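Please read the structure below before turning to the comments.
Since this is a predicted model, take the numbers as computed values, not measurements.
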Amino acid sequence: MEEQYISKLHPLVDYGVGVFLLIIAILTILGNAAVLATAVKHSSLLKSPELLTANLAAADIGMAISMYPLAIASAWNHAWLGGDASCIYYALMGFLFGVCSMMTLCAMAVIRLLVTNSPKSNSNKITKNTVRVLIALIWLYSLLWAILPLVGWGYYGPEPFGISCTIAWSKFHSSSNGFSFILSMFLLCTVLPAVTIVACYLGIAWKVHKMYQEIQNIDRIPNAAKLEKKLTLMAVLISVGFLSSWTPYAAASFWSIFNCSDSLQPIVTLLPCLFAKSSTAYNPFIYYIFSKTFRQEIKQLQCCCGWRVRFLSTNNSAEHPVSMMWSGRGNPHLSSAAKVEDQGAAAH
């Protein structure tokens, strides 16, 4: 076996990494499967932009299924399994699903801003077909970036600690071809989407702030304003969680571009990698905390023998957890405060 694929970590650390990734994989698969199951159950009631919520869950669960089993097995083997072929596969999957998640969050932020600042007549122009096309473009964009290293622009390779694979950052400081790839990828897949997300949510927060300032009596704040504030906070937490998880990894990776790969201890490069992988498990917990209705739906899912999941309730009324994320002023459902606030917070 090549030296680069042998773990540079203590065997106990390898076992710990495997256990950590196993826990993250279970949480990711179960949590996001619940989100997808809820979306499928209430598919006829979903508003068009809420399809992006299901797409984000699909990207997270796709990463957990396609990547984590190989990473867990390699950690417990104390060496990467499969050599170059599996390394390229693993890195490609990570790049594909990572870019897809980032661009999905960016699209969510833009649509949230458009809906918040538009009357109902204009927000309804965002049809399901429009969002389906947007989702297809997100996947094509992500796939394009993922395959570029396969055709000679950029490289894939093992992480410095040996039991994971990603973009081969350390090769780029001596290659103009690789450096141009990193610079382009950094700007178009990281900086631009992140700036867009921040700008959109700042715009939404400013609009909500102005809405509250215009109301003298706090007891008379419209239900729509309360819901908008709640949804904005939840959406911001989801975006902040993703960006915060990946920022340490991005920092460590860029350090590797301009310095020798041995300049950082293996454990130092391992921790940001694990933190980034944990990002796939966060979102269902945020939905669960913010939405009473989503918590009720989770309780209606009972795991039976053979991993069969059945719905204890067949109620397909308007009271469901995925819808209402994108609702705003003028929505007829806002006439009932209790129903709206429970419904609204489960999707983003």
Side-chain angles (χ1 to χ4, degrees), residues 32 35-36 39-40 43-44 46-67 89 91-118 122-154 156 166-167 180-201 203-204 231 235-236 238-239 241-243 245-246 250 276 279-280 283 322-323 325-326 328 347-348:
N32 287 287
V35 174
L36 291 176
V40 170
S43 58
S44 62
L46 291 179
K47 298 182 185 303
S48 52
E50 293 162 358
L51 295 174
L52 290 168
T53 302
N55 189 59
L56 184 61
D60 287 343
I61 202 171
M63 180 177 287
I65 293 175
S66 65
M67 297 175 61
Y89 159 80
L92 187 147
M93 290 294 105
F95 198 12
L96 171 66
F97 290 119
V99 174
C100 180
S101 296
M102 184 64 158
M103 301 311 297
T104 300
L105 289 172
C106 182
M108 286 178 173
V110 172
I111 293 179
R112 285 277 299 130
L113 180 64
L114 293 176
V115 172
T116 301
N117 288 280
S118 301
N122 289 335
S123 63
N124 285 343
K125 293 181 180 179
I126 304 176
T127 65
K128 285 189 176 182
N129 285 336
T130 300
V131 177
R132 289 190 185 103
V133 171
L134 178 59
I135 290 173
L137 291 175
I138 288 173
W139 281 102
L140 288 174
Y141 183 80
S142 305
L143 182 61
L144 172 64
W145 279 101
I147 64 175
L148 285 176
L150 302 182
V151 296
W153 195 31
Y156 287 134
T166 184
I167 296 171
S180 65
F181 170 78
I182 286 295
L183 181 62
S184 301
M185 183 271 292
F186 179 67
L187 291 175
L188 297 178
C189 298
T190 304
V191 174
L192 184 59
V195 170
T196 301
I197 290 170
V198 172
C200 287
Y201 287 128
I204 295 171
L231 298 181
V236 167
I238 290 170
S239 297
F242 182 86
L243 295 176
S245 297
W246 283 93
S279 67
T280 58
N283 293 346
V322 178
S323 188
M325 173 58 204
W326 307 95
H348 56 93

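Here the CG atom belonging to Asn129 is positioned 12.5 Å from the CG atom belonging to Leu134, to the nearest 0.5 angstrom. In this structure, CG in Leu51 is found 10.5 Å from OG1 in Thr130, a value given to the nearest 0.5 Å. To the nearest 0.5 angstrom, Arg112 atom CZ is 10.5 Å from Ser239 atom OG. If you take CE on Met102 and CD1 on Ile138, they are separated by 12.0 Å, rounding to the nearest 0.5 Å. To the nearest 0.5 angstrom, Leu183 atom CG is 5.0 Å from Leu187 atom CG. Atom CG of Leu192 and atom SG of Cys106 lie 6.5 Å apart (nearest 0.5 Å).
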Give the intermediate values and the outcome of side chain to side chain contact (heavy atoms under 4.5 Å, CB included) for residues Met185 and Ile167.
CA-CA 11 Å; Met185 183 271 292; Ile167 296 171; 3.8 Å; yes
Give the C-alpha distance, both sets of side-chain angles, the deciding distance and a yes or no for side chain to side chain contact (heavy atoms under 4.5 Å, CB included) between Leu52 and Ile111.
CA-CA 10 Å; Leu52 290 168; Ile111 293 179; 3.6 Å; yes
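Here the closest heavy-atom approach between residue Cys200 and residue Leu113 is recorded as O-CD1, 3.8 Å. Annotation for Gly98 and Met63: closest pair N-CE, 3.8 Å, computed over non-hydrogen atoms. The two residues Phe95 and Ala146 have their closest heavy-atom pair at CD2-CA, 3.7 Å. Residues Ala39 and Ala54 come closest through the heavy atom pair CB-CB, 4.4 Å. The two residues Ser101 and Phe242 make their nearest non-hydrogen contact at CB-CE1, 3.6 Å. The minimum heavy-atom distance linking Ser245 with Gly241 is given by the pair OG-O, 2.7 Å.
Two residues are said to be in side-chain contact when any heavy atoms from C-beta on lie closer than 4.5 Å; Tyr156 and Leu150 meet this criterion. Taking 4.5 Å as the limit, some side-chain heavy atom of Val195 sits within range of a side-chain heavy atom of Val191. For the pair Met108/Ile197, no side-chain contact is recorded, criterion being any heavy-atom separation below 4.5 Å from C-beta on. Looking at heavy atoms from C-beta onward, Trp139 lies in side-chain contact with Leu96 at the 4.5 angstrom threshold.
Using a 30° and 60° split on the angle between ring planes, Trp145 and Tyr141 fall in the perpendicular class, above 60°.
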